[in-house]
Each structure stands twice: as structure tokens, then as C-alpha cells.
Amino acid sequence: DQQVKQNSPSLSVQEGRISILNCDYTNSMFDYFLWYKKYPAEGPTFLISISSIKDKNEDGRFTVFLNKSAKHLSLHIVPSQPGDSAVYFCAASARKSSGDKLTFGTGTRLAVRP
Amino acid sequence: DTAVSQTPKYLVTQMGNDKSIKCEQNLGHDTMYWYKQDSKKFLKIMFSYNNKELIINETVPNRFSPKSPDKAHLNLHINSLELGDSAVYFCASSPGSSYSGANVLTFGAGSRLTVL
């Protein structure tokens with residue numbers, strides 16, 4: 001039962017353009033969402049998060065949007081840079097019921113072309 | 001100075017053997033985790049410890065036994081290894097549920113286990 005889904009396994013974007021990575025979830029108890037970035041042979045590193053009481057959170061070039069009614073979130077990277085090439089994981093937690101347990105999607109591999 | 005370090009990075013072993021993966025964090029975090037990333041790239045939680053106390057134990061075979069000697073260490077011991085145990089195992093830590101941003105995990109670099 002995959003509660004967090006990233007339906008695009010890969011995405012290729014030109015440097016300087018916008019990258020949009022999508023994530024869907026099914027568990028209405030999820031109240032906190034995170035994006036992690038992973039380079040080869042390294043562990044995932046935290047990028048940005050959003051609480052379910054918000055619909056947008058911005059940090060520099062990275063913005064996460066949350067649409068609770070659609071159970072959908074997206075990560076926008078603008079402008080995209082070659083160093084952004086990595087696998088991006090969406091993750092969610094239901095803090096009231098499951099505490100710190102994170103449920104991850106399967107990741108989207110982003111390639112930013114110079 | 002590595003925040004979450006796990007050893008070994010690579011482990012190749014035969015079916016039926018027993019092996020351990022060690023994890024240490026120097027962030028002063030209260031909570032530590034083991035996640036497994038299988039061949040389909042799913043990252044799934046296996047265990048979580050808070051101040052040496054087990055708080056999350058997902059549906060994991062009891063051949064897997066975590067041990068937390070102190071809150072900075074969480075080791076994973078696997079008995080009678082099977083082919084299906086081949087995966088990348090990630091250790092992680094977080095400040096703990098009493099802090100804001102408690103769900104922000106810091107991951108180690110992973111330990112790739114190959115069972116032949």
C-alpha cells in the first residue's frame with residue numbers, strides 16, 4: 001500500500017528553467033510533508049518542508065506547494081542549476097498518530113542540462 | 001565531521017551468515033532510525049529508538065534486531081541472512097518529537113548489503 005506516490009521516475013530540465021516535481025498522497029492523516037534530495041552514494045538530505053496548515057513554503061530557489069483537497073504537493077526549483085541534478089524524495093508524516101515516522105515516495109530523478 | 005556515520009559502507013556476505021551494521025550520530029539527537037531501501041527504491045522505516053527506547057517497530061522479521069547502547073548509537077544486527085535482505089540500509093537521527101521540526105531526519109550515507 002503505497003501512501004506516498006511520485007509518479008514521474010525522472011525529469012529532465014534545461015539549466016535556468018523551472019523544475020516541477022510532483023507528489024501525491026492517500027493518507028488524510030498526514031500533516032507534515034518534506035522533500036529530501038539524494039546524490040549517488042550519499043544519504044538523503046533535507047531540503048524543505050511544509051505543515052498541513054500552510055499551502056506554500058519558500059526557501060530561496062525552492063518552493064513547496066500543498067493542495068490538501070487534492071492530496072498533492074509539488075516542489076518548484078527556479079532557476080534550475082546543474083548541481084540540482086539528484087533524486088528527490090517526497091515524504092510525509094502523521095505526527096499526531098505516528099509521531100516521527102516518515103513515509104517516503106520512490107523518488108524522481110532530476111537531470112538539469114547545462 | 002560526519003553527523004551520522006554508519007559502517008561498513010559495503011557488505012558482501014553469504015546466505016545464512018549473521019552481520020551487523022553500526023551507526024553513530026554526533027548531533028545530540030534523541031531519536032535514531034533504521035530505514036531500508038530495496039531494489040524498487042522504496043525507503044521504508046524499520047525501527048525507531050528514542051533515548052534508547054524502542055518506539056517504532058515495523059513489520060520486520062525478527063532476524064533483524066536493533067540495539068541502542070546509548071542515545072548516540074543504534075546498531076542493526078541481522079541473523080541468518082537471506083537473499084531478500086540485499087538492500088541499502090540507512091541510519092538516521094532527529095531531534096525528537098518534543099522539538100519543532102522533529103521530523104527532519106539527518107541520514108547517514110547508507111550501507112549496501114549484498115547477500116549471495
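Note that these values count all heavy atoms, side chains included, but never hydrogens, waters or copies made by symmetry. Proteins come first, then strands; the chains are lettered A, B, ... in the order of their sequence lines, and each starts at number 1. The model shown is predicted, which means the values in this text are computed figures rather than measured ones.
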NZ of B/K44 to NZ of A/K101, rounded to nearest 0.5 Å, is 10.0 Å
Should we say atom CZ of A/R17 is surrounded by more than 12 heavy atoms from elsewhere, each under 6.0 Å from it? no
(request) Please report the C-alpha distance between B/F90 and A/K38 in whole Å, then the side-chain angles of each, then the deciding distance to 0.1 Å, and finally whether the side-chain contact (heavy atoms from CB on, under 4.5 Å) criterion is met. (result) CA-CA 12 Å; B/F90 288 97; A/K38 185 182 181 304; 3.5 Å; yes
For A/Q2, is the CD atom crowded, meaning more than 12 foreign heavy atoms sit under 6.0 Å from it? yes
**Study point:** Step-by-step side-chain contact (heavy atoms from CB on, under 4.5 Å) determination, B/I45 to A/L102
**Key:** CA-CA 7 Å; B/I45 190 167; A/L102 286 182; over 6 Å; no
Checklist entry - Do A/Y36 and B/L43 touch side chain to side chain, with heavy atoms closer than 4.5 Å? => result no
Among residues 71-80 of chain B, those lying within the under-4.5 Å heavy-atom range of chain A are none
Quick check on B/K9: does its NZ atom have over 12 non-hydrogen neighbours (other residues, nucleotides or ligands) under 6.0 Å away? yes
Whatever's closer than 4.5 Å to a heavy atom in chain B on A/T106 counts as both
The interface call for B/Q6 against chain A, heavy-atom contacts under 4.5 Å, is neither
Checklist line | Aromatic ring proximity, centroids under 6.0 angstrom, A/F46 and B/F107 | finding: no
* Same apolar cluster: A/L73 and A/Y32, side chain cutoff 4.5 Å -> no
When rounded to the nearest 0.5 Å, the distance separating OG1 of A/T108 from NZ of B/K41 is 13.5 Å
Is it the case that atom NZ in A/K68 sees more than 12 heavy atoms from other parts of the structure closer than 6.0 Å? yes
- Item | Co-membership, hydrophobic cluster, residues A/F62 and A/W35, 4.5 Å side-chain | yes
### Message
For residues A/V87 and A/V13: do they belong to one hydrophobic cluster (side chain heavy atoms under 4.5 Å, members Ile, Leu, Val, Met, Phe, Trp, Tyr)?
### Response
no
Q.
Is there a continuous path of hydrophobic side-chain contacts, each under 4.5 Å between heavy atoms, that joins A/V4 to A/L47?
A. yes
*Flag yes if B/M32 and B/F64 sit in one hydrophobic cluster, no otherwise; membership is Ile, Leu, Val, Met, Phe, Trp, Tyr, and two members link when side-chain heavy atoms are under 4.5 Å apart.*
yes
